[in-house]
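We count ligands from 1, going down the list as the structure has it; atoms in each ligand are counted the same way.
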Amino acid sequence: MPDEHYADVDLAALYDALNPRDSGGDYEFYLPMIMAAESVLDVGCGTGSLLHWARESGHTGRLVGLDPAEGMLVQARRRSDIEWVHGDLSTASWDAEFDFAVMSGHAFQVLLTDDELRTAFSAIHRALKPGGRFGFETRNPAARGWERWTPANVWEAGDVRSWNDAGPFENGFVSFTTTYESPSWDAPRYSESTLRFLDVPALTAFVEEAGLVVDEQYGYWDRSPVTGSSPEIITLARRPLTGSPATSP
Ligand SMILES: C[S@@+](CC[C@H](N)C(=O)[O-])C[C@H]1O[C@@H](n2cnc3c(N)ncnc32)[C@H](O)[C@@H]1O
C-alpha cells in the first residue's frame with residue numbers, strides 16, 4: 001500500500017486542513033458533473049469531502065465512496081447519508097450502476113503497476129452504466145512538479161507542519177517522504193509514498209484498452225489544453241453505449 005499513512009487516524013484527521021482545495025481547482029471542476037449524475041462513485045474518496053460537498057449542495061441520488069484507508073473512512077463516515085466502502089477497485093463488483101465515477105486529489109497516481117491500472121480501468125468500465133463517464137487527473141510528468149516537493153515548501157494546519165522530500169523521477173515513478181511535525185507530539189511522523197506519472201499516450205492506451213473512450217482532456221482546471229508545461233492531465237472518459245473492453249483481465 002503506497003499510502004499507508006492514510007491508515008493513521010490522526011494524520012487522516014489532518015488531511016483536509018493540510019490539503020485545502022484551491023478555488024477553481026479539482027472539486028469545483030468535478031462538482032457540476034457529480035450534481036448532474038443520478039449515481040456517483042468516488043474512487044479513493046479519502047475523507048469523503050467531495051461527496052460531503054455534493055450532499056451539502058443538494059445531491060439527492062446515490063453517492064458511494066471507496067477507499068482502502070480505514071483512517072480516511074473514519075472522517076468520511078461523519079456523514080451517514082452516503083455509502084462508504086472499505087476497499088479498492090480490485091475487489092469491486094459494481095455492474096452498470098453509476099452515471100459518473102471520479103478520482104480526485106491525484107488519487108489515480110497511487111495505481112502503480114500496469115496490472116493495477118488495467119484492473120482499475122476494467123472495474124470502472126464495468127461499474128459505469130453505458131454512456132457513463134469517468135473523471136480523473138494525473139500530474140503531467142512534463143511539468144516536473146516533484147522538483148518542488150522539497151523541505152522548503154511547508155504546509156501548516158494548526159500547530160502541525162508538513163513537507164515532502166522527493167527523490168528523482170525514475171522510469172515514470174517518484175518516491176517521496178512526507179514529514180509531519182508538531183510541538184505537541186513526542187516525535188515527528190513520517191510516511192513513504194510512490195506515485196506514477198503517465199504521459200498522454202500511455203494514459204490513453206490504458207483507457208482505450210479497457211473499452212473506454214477519451215471524451216475530453218485538459219491541462220488545467222480552467223479547461224486549457226495539455227501542453228509541455230501544463231501541470232495536469234485531466235481526463236473525462238466515457239463508457240460507450242455499446243461494446244465491451246478490448247481485453248478482459
Ligand atoms: C491523495 S488522496 C486523495 C483523496 C481524495 N480523493 C481527495 O480528493 O482528497 C489518495 C487516496 O487514495 C487512496 N488509495 C490508496 N490506494 C488506493 C487504491 N489502490 N485504490 C483507490 N484508492 C486508493 C488513499 O487511501 C487516499 O485516500
**Asked** Mind checking whether Phe169 and Trp146 have parallel, tilted or perpendicular rings, split at 30° and 60°?
**Response** parallel
**Request:** Look at the aromatic rings of Phe121 and Phe136 and report parallel, tilted or perpendicular, splitting at 30° and 60°.
**Result:** perpendicular
Would you say ligand 1 has an N or O under 3.5 Å from any N or O of [X]?
{"X": "Asp67", "result": "yes"}
{"X": "Ser104", "result": "yes"}
{"X": "Gly44", "result": "yes"}

Ligand-side contact atoms (ligand 1) for residue partner [X], heavy atom cut-off under 4.0 Å:
{"X": "Met72", "value": "27 (O)"}
{"X": "Cys45", "value": "5 (C)"}
{"X": "Arg21", "value": "7 (C), 8 (O), 9 (O)"}
{"X": "Tyr15", "value": "1 (C), 2 (S), 3 (C), 4 (C), 7 (C), 9 (O)"}
{"X": "Tyr27", "value": "7 (C), 8 (O), 9 (O)"}
{"X": "Gly105", "value": "1 (C), 3 (C), 8 (O)"}
{"X": "Ala69", "value": "25 (O)"}
{"X": "Gly46", "value": "4 (C), 27 (O)"}

**Message:** So, 4.0 Å and heavy atoms of Val110: is ligand 1 close enough to count as a contact?
**Reply:** yes
**Message:** Any heavy atom of Leu50 closer to ligand 1 than 4.0 angstrom?
**Reply:** no
**Prompt:** Is the centre of the Phe108 ring less than 6.0 Å from the centre of the Phe134 ring?
**Reply:** no
**Request:** Assess the pair Tyr30 and Trp221: is the distance between their ring centroids shorter than 6.0 Å?
**Result:** yes
**Asked** According to the salt bridge (charged side-chain N to carboxylate O under 4.0 Å, His left out) rule, which pairs have a member within residues 213-234, sequence neighbours left out?
**Response** Arg133-Asp215, Arg133-Glu216, Asp215-Arg238, Glu216-Arg223
Taking distance alone, no hydrogens or angles, what donor-acceptor pairs closer than 3.5 Å link side-chain atoms of residues 42-49 to residues at least two apart or in another chain?
{"from": "Thr47", "atom 1": "OG1", "to": "Asp16", "atom 2": "OD1", "distance (Å)": "2.9"}
{"from": "Thr47", "atom 1": "OG1", "to": "Asp16", "atom 2": "OD2", "distance (Å)": "3.0"}
{"from": "Ser49", "atom 1": "OG", "to": "Tyr27", "atom 2": "OH", "distance (Å)": "2.7"}

**Item:** Joint hydrophobic cluster, Tyr15 plus Val74, side-chain heavy atoms closer than 4.5 Å
**Value:** no
**Item:** Donor-acceptor contact present, side-chain Gln75 to main-chain Leu73, <3.5 Å
**Value:** no
**Request:** Output yes when a side-chain donor or acceptor of Thr150 lies under 3.5 Å from a complementary backbone atom of Glu147, and no otherwise.
**Result:** no
